[in-house]
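Single-structure report; data block below.
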Protein chains: 2
Amino acid sequence: MMEEAASRRIANMRVAASAERAPLSLHQRILADIEARILSGEWPPGYRVPFEHELTAQYGCSRMTVSKVLTQLAKAGLVARRRKAGTFVTRPHSQAALLEIHDIKAEAAALGGPYRFEIAGRRKCKITRADRERLEVPASTSALELTCRHFAGAQPFCLEERLINLTAVPEAENEPFSELSPGAWLVQRVPWTAAEHKIRATGADQRTAAALAIVEGSPCLVIERRTWRAIEPVTFVKLTYPAAAHELVARFAPSQMQEARRG
Amino acid sequence: MMEEAASRRIANMRVAASAERAPLSLHQRILADIEARILSGEWPPGYRVPFEHELTAQYGCSRMTVSKVLTQLAKAGLVARRRKAGTFVTRPHSQAALLEIHDIKAEAAALGGPYRFEIAGRRKCKITRADRERLEVPASTSALELTCRHFAGAQPFCLEERLINLTAVPEAENEPFSELSPGAWLVQRVPWTAAEHKIRATGADQRTAAALAIVEGSPCLVIERRTWRAIEPVTFVKLTYPAAAHELVARFAPSQMQEARRG
DNA sequence: TAGTGGTCTAGACCACACT
DNA sequence: GTGTGGTCTAGACCACTAG
């Protein structure tokens, strides 16, 4: 029957590299397949995903099954669905996170001053042993090390120290970061699939105090973020804010009750 | 037909108080109904939710529809499903959050000392105008104001200042908080459905420095959390940690890709 | 107007876990 | 064994909207 054809077809698909032994259900395999196409860039932002009836034919399954998959992808923010028009791969999203990736420019506006940033340091380097706890890549991988100061008016309000994995984002090497700050540039270019934040308070050390024009030892909020695309590390960034300059807000339900309510 | 009976039945259900005009779909109305039963305590933790075929009969709909609802509730963590046994309301969960509600006791263990806490202040009060930005309830609502210090060994590592809405949690008034700290007691007792965190760095003021046995002005991490059950505010808490004592970690995908992958 | 996604049905088969 | 949830099918009707 059709199911056998579908089984063979999907068995041949490049499914997630994770060598799990758990047999995935049909919609999980289809989900993994479409997700891989999107994350790999084979279906870039704006690409029109095949219609439900086309996927039904391609995977040899019923419409309910592909509908379930596309609905989940839409909830996850990877695609947007519009009646009569179709389903489209979305642009990389910074807004979908519960603890959002912050828009530093908007923050500066909130602080009152006109925003600007400056690249204070830049060098290409090989990942050393010490770096590896920040960016989990093999030693001697090429990386770009950036230091950037963000200003609201004349006052620096954020010090950004960043490491970009040049294996994952080779085009960063020749990017001048003149128009967009490194964070904004990456967000527009690289779809990330996982992030880890560490947040703590600290007293400014001498170098940080100098960069932020504050007194040494004064309280700062430090956000360290590691970002992955699929299983590949993309970037590590340490953002240091003087205590007065920044506040994080996160609002959420215990799990996905909001999203469940939408669906 | 059956659909008409179902429509009438569900139209008469106490659906969420939100007077939205958007017509909810069938599974959304059923979801809201079951969620309300759980959150109200009508179906307490451990309660066995009716089997799918029973809900099918009660709501006059197909099994696919109730299955979708129960699957969503399971993803949200409100129920757990076991083959052959049935579907059961879960205990209030602290672990499901992406930015989890912290287990202060476990933190103390990590810092090396034996954990203890002490209630340093307690009074029943009426909500004043100033309180209302912390706990969004009508003025003159009764609340319990608690101050609590958490110790790792001899060293205080967290100052907790809390306001509990006694309308939402009347049994808090006579709770001595001798065994469980206020946070642990609330987590075990009250299923929360939404929380808002504000996180910032600050210098310790005189009172805080005294309570934490640190130098005035030294950096601290401050977490303010407001918690709701459905639309009712439950508690406000301000947690102040000396910079060295605490670090927040949050790891997540841009939206619900992990959960989508599970489903 | 025509075609898309959104929803729902009434079946079915299966794996699993409780008895 | 037996009944539960987990999954899938092959239809159907509807609302919305792009062309």
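Because only heavy atoms are used, hydrogens play no part in the values below, and waters and symmetry mates are left out as well, while side chains stay in. Residue numbers begin at 1 in each chain, while the letters A, B, ... track the order of the sequences.
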- Item | OP1 or OP2 of dG6(D) under 4.0 Å from side-chain N/O of Ser25(A) | no
- Tightest non-hydrogen contact, residues Val69(B) and His27(B), listed as CG2-O, 3.3 Å
- Within 6.0 angstrom of Glu179(A) CD, more than 12 heavy atoms from elsewhere: no
- Message: I want to check one thing: is the phosphate of dG3(D), taken as OP1 and OP2, less than 4.0 Å away from some side-chain N or O of His53(B)?
- Response: no
- Considering only heavy side-chain atoms of Met64(B), the closest of dG5(C), dC8(C), dT9(D) is dT9(D)
- Nearest to the side chain of Glu52(A) - dG5(C), dA10(C), dG5(D)? dG5(C)
- Just to confirm, is there a sub-4.0 Å distance from OP1 or OP2 of dT7(C) to any side-chain nitrogen or oxygen of Thr65(B)? no
- Note on the structure: Looking only at dT9(C), dG5(D), dG3(D), the nucleotide nearest the Lys84(B) side chain is dG3(D)
- Task: When you get a sec, tell me which of dT9(C), dC8(D), dT4(C) is the closest nucleotide to the side chain of Leu26(B)?
- Result: dT9(C)
- Among Arg162(A), Arg226(A), Arg225(A), Arg229(A), whose side chain to side chain donor-acceptor pair (under 3.5 Å) with Thr235(A) holds? Arg162(A)
- Distance below 4.0 Å between Arg82(A) side-chain N/O and dC16(D) OP1 or OP2: no
- Message: If you compare every side-chain N and O of Arg81(A) against the phosphate oxygens of dG6(C) (OP1, OP2), does one of them come in below 4.0 Å?
- Response: yes
- So, is Thr87(B) close to the dG5(D) phosphate, meaning a side-chain N or O under 4.0 Å from OP1 or OP2? yes
- Note on the structure: Whichever of Ala85(A) and Ala85(B) has the more 5' nearest nucleotide on DNA chain D, that residue is Ala85(B)
- Note on the structure: What one should report as the nearest heavy-atom pair of Pro233(B) and Leu135(B) is CB-CD1, 4.1 Å
